[in-house]
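What follows is one structure encoded as structure tokens, with my remarks underneath.
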Amino acid sequence: MENKPTQSNYIKNIIVEDLKTGKHREIVTRFPPEPNGYLHIGHAKSIVLNFDLADEFNGRTNLRFDDTNPLKEETEYVESIKEDVKWLGYEWDSLFFGSDFFEEMYNKAVLLIKKGKAYVCDLSAEEIRTTRGTLKEPGKESPYRNRPVEENLDLFERMRRGEFKDGEKVLRAKIDMASPNLNMRDPVIYRIAHAAHHNTGDKWCIYPMYDYAHPLEDAFEGVTHSICTLEFEDHRPLYDWVIEECETECEPHQYEFARLDMTNTVMSKRKLKLLVDEKIVDGWDDPRLPTISGLRRRGYTPEAIRNFVREIGVAKSNSIVDARMLDHFVREDLKMKAPRTMAVLRPLKVVITNYPEGQAEWLDAENNPENPEMGLRKIPFSREIYVEQDDFMEDPPKKYFRLFPGNEVRLKHAYFIKCNEVIKDRDGNITELHCTYDPETKSGTDFTGRKVKGTIHWVDAGNAVPAEFRLYEPLILDGEKEESAGFLDNINPNSLEILQGFVEPAMREAKPQDKFQFFRHGYFSVDPQKTTGEKPVFNRIVSLKSSFKI
RNA sequence: UGGGGCGUAGCCAAGUUGGUAAGGCAACGGACUUUGACUCCGUCAUGCGUUGGUUCGAGUCCAGCCGCCCCAGCCA
């Protein structure tokens with residue numbers, strides 16, 4: 001993996017300090033997704049952060065599924081998450097499930113009870129809520145708060161044995177009902193759920209809550225720096241309380257950073273799901289979605305995603321990153337890697353009237369002028385070709401140096417052609433152009449007789465391979481970031497445009513996920529779902545930048 | 001005065017102990033060009049939410065204001 005130095009951030013500074021003072025000898029991080037959905041680029045930020053941080057200081061990173069809620073989690077998600085992490089280019093040191101530690105967690109809970117730091121509470125969920133108090137008023141202590149240790153031990157064991165129904169009892173940490181931090185008002189740390197767990201099956205009917213489980217999982221794994229998002233800042237005192245009171249061998253610490261948000265897209269699991277459920281997009285891997293599977297299908301590369309995430313930095317202020325920054329990093333990555341080839345997305349037939357009928361020649365074309373090692377290929381040329389509709393204007397404005405009546409342009413890799421005649425149908429639509437070519441201007445002959453301002457791409461009509469092109473625009477229009485379902489009003493109705501055109505014959509060999517730069521258009525990737533043996537389908541990953549404006 | 005955070009350019013973001021505002025994206029000029037691309041060169045914060053204070057010196061320290069985000073799941 002490439003080792004670009006990543007910019008400084010506050011967590012890295014802490015690590016440097018911890019290493020210097022000897023607080024830690026080895027850095028251990030973890031990426032702890034809950035297997036209840038698909039990963040998106042926001043997760044990629046967390047993945048890159050955790051893995052890179054450990055990498056940089058020769059530490060290690062675990063992948064840990066935080067599976068403490070059997071009602072929401074499924075094995076299907078475990079597999080897709082593993083696939084996505086690997087695809088992003090990372091190898092975890094160890095693979096854990098939070099559920100691997102259920103027994104130890106249970107034992108720690110018994111310890112808490114023995115220390116008088118936890119109690120079984122019979123209050124209903126509703127009662128717990130009402131007695132929790134409000135943001136400005138303290139809560140009330142539960143009548144069960146001072147149950148004797150022996151009774152708590154007995155009840156907790158019976159909870160585990162399944163003697164009670166869901167919601168009948170919970171185990172609560174005994175902390176402080178008057179704390180200004182709601183999380184410290186005797187939080188529930190175990191609840192009863194008679195539900196099969198994707199990993200432990202029916203072994204358990206009590207499950208630990210996040211605030212209790214997460215710090216213990218970190219401690220059991222030997223995690224030193226437990227990195228999470230900003231909304232958990234308020235939970236840190238509880239995290240520390242659990243570590244302290246459970247007397248774990250390792251003492252991990254939690255650090256928070258701002259989750260990634262980007263312009264012109266949606267990032268929350270809820271909104272993503274809505275788009276999928278409402279069929280506004282075509283599944284979780286729709287190329288317009290910021291899911292890892294969507295980005296992959298669209299053609300974004302792991303390298304580009306990593307570099308993007310490294311460049312946006314890690315901080316604690318809520319921010320919205322310009323989506324165009326991601327585009328920049330794919331272009332940068334694909335510049336050297338993607339072969340250049342010509343594709344006509346909106347075909348306009350051109351007949352080269354002075355080129356002999358029945359004649360054809362095969363021209364040399366370099367695959368990537370930025371990267372000569374990629375070699376040459378042969379492309380056919382003959383009397384009839386297709387050019388881009390946009391590359392002809394009957395009545396052009398100033399500074400238009402493509403094709404127009406009387407003007408001469410260069411055909412990339414081929415000859416100069418001059419437009420002599422515009423053929424139209426009965427309705428006045430342009431159907432064909434008649435041009436003449438100059439044999440002396442053949443590419444590669446160092447012809448210097450005259451210059452043209454424009455070079456356009458084309459495809460030989462006789463050998464053209466029909467292809468479909470899918471052009472994507474941002475899913476969400478510019479404007480206020482709408483909350484709740486209101487964001488549906490900002491959906492871009494033109495986020496997908498499907499075009500039928502032609503590519504060079506060599507493109508018959510293109511395989512799913514192969515990436516190309518279509519000359520003067522942008523970077524495209526072969527769609528793995530829509531492509532058939534008959535017709536390749538190309539997703540536009542990103543267009544080329546352009547300073548051209550009419 | 002519930003508690004916890006954050007505020008540096010259009011967008012991200014660096015800025016260890018106060019010493020005179022990195023970098024990237026975007027944008028805009030120009031050079032080059034068989035991609036209106038790439039590349040290269042140049043421009044882009046007398047300014048760090050704001051008002052005061054301390055200091056020879058403040059983005060960094062202090063005080064007060066203002067604005068934004070998060071928290072009352074037996075979700076994570």
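Lettering follows sequence order; numbering is per chain, from 1.
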How does protein contact run along nucleotides 15-23 of chain B, one letter per nucleotide 5' to 3', with B for base contact, S for sugar-phosphate only, - for none, heavy atoms under 4.0 Å? S------BB

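Applying the side chain to side chain contact (heavy atoms under 4.5 Å, CB included) test to M209(A) and every residue at least two apart in sequence or in another chain returns V188(A), R191(A). Qualifying side-chain hydrogen bond (donor to acceptor under 3.5 Å, both in side chains) partners for D100(A), counting only residues two or more places apart in sequence or in other chains: none. Contacts of E157(A) classified as salt bridge (Lys or Arg N to Asp or Glu O under 4.0 Å), with partners at least two apart in sequence or in another chain: R161(A). Among residues two or more places apart in sequence or in another chain, the salt bridge (Lys or Arg N to Asp or Glu O under 4.0 Å) test is passed with R158(A) by D154(A), E163(A). For the side-chain hydrogen bond (donor to acceptor under 3.5 Å, both in side chains) test, residues two or more places apart in sequence or in another chain that qualify with R64(A) are H214(A), E217(A), D218(A), E221(A). Residues that satisfy the salt bridge (Lys or Arg N to Asp or Glu O under 4.0 Å) test with K453(A), not counting sequence neighbours, are absent from this structure. For the side chain to side chain contact (heavy atoms under 4.5 Å, CB included) test, residues two or more places apart in sequence or in another chain that qualify with P474(A) are N264(A).
Pairing analysis of RNA chain B (Watson-Crick: purine N1 to pyrimidine N3 plus N6-O4 or O6-N4; G-U wobble: N1-O2 and O6-N3; both under 3.5 Å) yields stems of 3 or more pairs at B:2-7 with B:66-71, B:10-12 with B:23-25, B:27-31 with B:39-43, B:49-53 with B:61-65.
Within residues 441-449 of chain A, the residues having any heavy atom under 4.0 Å from RNA chain B are, by residue number, S443(A), G444(A). The stretch residues 173-189 of chain A comes close to RNA chain B through P180(A), L182(A), V188(A), each having a heavy atom under 4.0 Å from the strand.
A parallel orientation is assigned to the rings of Y386(A) and F502(A), their planes being inclined by less than 30° (bins at 30° and 60°).
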Tabulated below should be each protein N or O lying under 3.5 Å from an N or O of nucleotides 25-32 of chain B; please produce it.
residue, atom, partner, partner atom, Å
C25(B), OP1, H328(A), NE2, 3.2
A26(B), O2', R324(A), NH1, 3.4
A26(B), O2', R324(A), NH2, 3.2

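Annotation: cation-pi pair R402(A)/F392(A) absent, no NZ/CZ under 6.0 Å from the ring centroid and within 45° of its normal.
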